[in-house]
Amino acid sequence: MDKKVRVRFAPSPTGGLHLGGVRTVLFNYLFAKKHGGDFILRIEDTDQSRFVPGAEEYIFNTLAWCGLTPDESPVHGGPHAPYRQSERKATYKQYAEQLVNAGHAYYAFDTPEELDQMRVQYKTEENPSPQYNHVLRAKMRNSLTLSADEVAALLAAGTPHVVRIKMPLDETVTFTDMIRGEVSFHTSQVDDKVLLKADGMPTYHLAVVVDDYLMKISHAFRGEEWLPSAPVHILLWQYLGWSAEMPQWAHLPLILKPDGNGKLSKRDGDRLGFPVFAMDWTDPKTGEKTIGFKERGFLSEAFVNLLALLGWNDGTDQEIFTMEELIRAFSMDRVHKGGAKFNYEKALWYNQEWIKRAAPEQLVDQVAETLAGAGVEGFVAGESAASAGVDRELLLRVIQLVKERCTLLADFVPQAAFFFATPAAFDTASIQPKWNDQKNMFFIELAKAYESSVVWEAHDLEKTLKEIAAAQDLKPGELMLPLRIMLVGGKFGPGVFDIAEIIGKQATIDRIRKVLSILEHN
RNA sequence: GGCCGGUUCGUCUAUCGGCUAGGACAGCCCCCUUUCACGGGGCAAAGACGGGUUCGAUUCCCGUACCGGCUACCA
């Protein structure tokens, strides 16, 4: 019988959510939705020293932005609450004790100093990082080396201690990873991981197993960095007597730095100038702000799309997917084994594709917000175009006209601002070299002609220009650039006459005359 | 060092034994465009290496090399 699909993402609230983290959520989510299952968000806040205020809220904001809504979570609730591990402390202790009583775990009284000392003492050329394992545990202070009386006394005195798993001497732990196939570990190579810390909090190893069991998780997907500790988890499922309920595992490939090697980190983004976090994150301690994909001007659909295609594809040439399409096409066995170097250029391409394909209606609010953020006249932050002082229909027309030349939402600022306000500066330096009295005369005439025109449509405006040019024996080609700069301020933007049509008669004439006067005074 | 994992154009990838090795991004060239883009066309660019297995290996197996992850009372 197949049990209901239930997956989870369990971040620790220590900072901004990284590309790799969001992709892990995405794969979990896609798998769950594909199979009509549940997606659970659990907060792994067992390390009090690393707790960062605001990080949990940030995680929820990020998931909301991406459209990855959990079915159960600390804020959405659910039948297995609480979903915050710090609130489940008592539960873990009970299982840790069960493990000790069954002989699969033991108490260890070694202080941090003693552990450091051990690592120094047993460090050799061949073994640069000694482990608290089946051989070294015999030399340490724990309930395996101490007498029962000593242990009882230590415990009674409230001596700080941890609970460690007792790795079996000579066993092979094998499991099937949905991506990698069969993976085996020899237990003699795995150390006695701490299960319960001295402060009574569980480590990840205990917590993940207990919670996955209690929350009836059917599939456990996580980053590849967890592969080495998988045998600990498998053994715990066995020792706790839950083997039959153990989820299926899949260890996702890592997202690597674009240059060099190693996994992508926030530093790489700072260094290379691209975001690594999904959304802006400000470290409450240092005040350091890290840019996010959202604030950089990515559409959430593009962000989700590009993440999905990092380490997965559906076997066809399709690259642009909506969330619905991803859900339909997703399968864990088409996820790669190898890590993928993150390529920001390609990420930009996804965003450009999404902007290009979007209907203006889908973009208006975000564009209005972006223009407001840039201080463009008439736009007010926090207000949609409709409620701000701008004609929504006009904005829609502008978006339709310029969207194909925008890669990021921020590109709408230079591309669209001149439709709503006279440019603050004009690139007259590009006109000057070939400027002369004849052209000056031409534009005076053009302004006059435009002033008296009855219809105001791109086609007629172009016709008028050509007629006057012909009459004055000028080539239209020489006049297009000056006119463009007069209307938009620089050498960019859509067709000049389309622009003139949209900004209207008065603005067109005003801008021509304004630049004419600037040129005259130079 | 040990353990585990990985390895197709610069990058992301297709290929589930038949390959003239396909696509996309980036690059270069041409066309379109009286700006910048979009679009269209083209060029260049890859199976880490060595052994097997096989009529035939990019694909399967074994070594080697290289890369990565882990090796905390962090996740």
Side-chain angles (χ1 to χ4, degrees), chain A residues 10-14 44-47 49-50 108 110-112 115-116 119 123-133 160-164 177 179-180 183-186 188-191 193-205 207-208 222-231 251 253-254 256 258-263 306 309-320 336-350 352 356 402-407 411 414-415 427 430 462 475-481 483-485 488 490-496:
Chain A
S12 43
T14 54
E44 226 140 80
D45 56 348
T46 54
D47 186 357
S49 66
R50 295 213 308 163
D110 319 276
T111 64
L115 290 173
D116 286 344
R119 288 186 187 107
K123 181 174 176 171
T124 61
E125 190 89 330
E126 310 80 62
N127 186 12
S129 38
Q131 309 239 291
Y132 202 119
N133 60 11
H161 61 276
V162 301
V163 172
R164 285 180 182 272
D177 184 285
I179 296 170
R180 284 150 220 284
V183 183
S184 298
F185 294 85
H186 196 85
S188 65
Q189 300 296 330
V190 184
D191 62 329
K193 292 270 185 246
V194 169
L195 264 20
L196 203 66
K197 302 184 254 190
D199 64 1
M201 279 289 190
T203 58
Y204 172 81
H205 304 107
V208 73
R222 70 225 304 194
E224 188 186 344
E225 68 268 28
W226 290 108
L227 201 45
S229 51
H251 291 87
L254 266 14
L256 278 12
D259 61 340
N261 297 304
K263 61 174 172 172
L306 74 93
L309 274 283
L310 217 47
W312 172 87
N313 70 78
D314 73 342
T316 72
D317 284 341
Q318 184 175 351
E319 294 195 271
I320 302 299
H336 291 177
K337 296 182 174 75
K341 286 187 182 176
F342 179 66
N343 184 223
Y344 187 57
E345 296 298 324
K346 186 80 186 232
L348 287 172
W349 175 79
Y350 278 105
Q352 186 179 34
K356 209 165 65 193
V402 307
K403 69 189 171 95
E404 66 197 22
R405 51 200 87 206
C406 294
T407 299
D411 295 330
Q415 292 293 342
D427 179 15
S430 294
E462 180 170 5
K475 283 187 221 144
E478 298 176 69
L479 305 164
M480 300 301 283
L481 187 69
L483 180 58
R484 165 173 300 281
I485 290 173
V488 326
K491 293 186 271 188
F492 55 89
V496 246

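At whole-Å resolution of the value, NZ in A:Lys263 and P in B:G68 are 13 Å apart. Distance CG (A:Leu309) to P (B:A14): 11 Å, rounded to an integer number of Å. Rounded to an integer number of Å, the gap from A:Lys193 NZ to B:A75 C1' is 12 Å. A straight line from NE2 of A:His161 to C1' of B:C73 spans 12 Å, rounded to a whole angstrom.
Checking the phosphate oxygens (OP1, OP2) of B:A75, a side-chain nitrogen or oxygen of A:Thr46 falls inside 4.0 Å. At the phosphate of B:A75, OP1 or OP2 sits under 4.0 Å from a side-chain N or O atom of A:Lys197. OP1 or OP2 of B:C73 sits under 4.0 Å from a side-chain N or O of A:Arg119.
Evaluation of the side chain to side chain donor-acceptor pair (under 3.5 Å) rule for A:Arg222 yields A:Tyr204, A:His233, A:His251 as partners, not counting sequence neighbours. In this structure, the side chain to side chain donor-acceptor pair (under 3.5 Å) partners of A:Ser430, at least two apart in sequence or on a different chain, are A:Asp427. Residues passing the side chain to side chain contact (heavy atoms under 4.5 Å, CB included) test with A:Leu481 are A:Ile485, A:Lys491, sequence neighbours excluded.
The backbone N or O of A:Ile320 lies less than 3.5 Å from a partner atom in the side chain of A:Gln318, making a donor-acceptor pair.
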Query raised in the report: When you check every protein heavy atom under 4.0 Å of nucleotides 23-43 of chain B, what one-letter string (B, S, -) results, 5' to 3'?
Result: SBS--------BBBBSS----

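Remark: A:Arg164 is positioned above the aromatic ring of A:Tyr132, its terminal NZ or CZ atom under 6.0 angstrom from the ring centre and at most 45 degrees off the axis.
Within the 4.0 angstrom heavy-atom criterion, only backbone atoms of the sugar-phosphate kind lie near A:Ala340; the bases stay farther away.
Between the C1' atoms of B:A26 and B:C67, the separation comes to 23 Å (whole Å). Atom P of B:G41 sits at a distance of 23 Å from the matching atom of B:A46, rounded to the whole Å.
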Nucleotide N/O to protein N/O under 3.5 Å, stretch nucleotides 5-8 of chain B:
residue, atom, partner, partner atom, Å
B:G5, O2', A:Arg180, NH1, 2.7
B:G5, O2', A:Glu224, OE2, 3.1

Within the sub-3.5 Å range, which N or O atoms of nucleotides 60-63 of chain B have a protein N or O partner, and how far apart are they?
none

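Around atom NZ of A:Lys337, no more than 12 heavy atoms belonging to other residues, nucleotides or ligands sit under 6.0 Å away.
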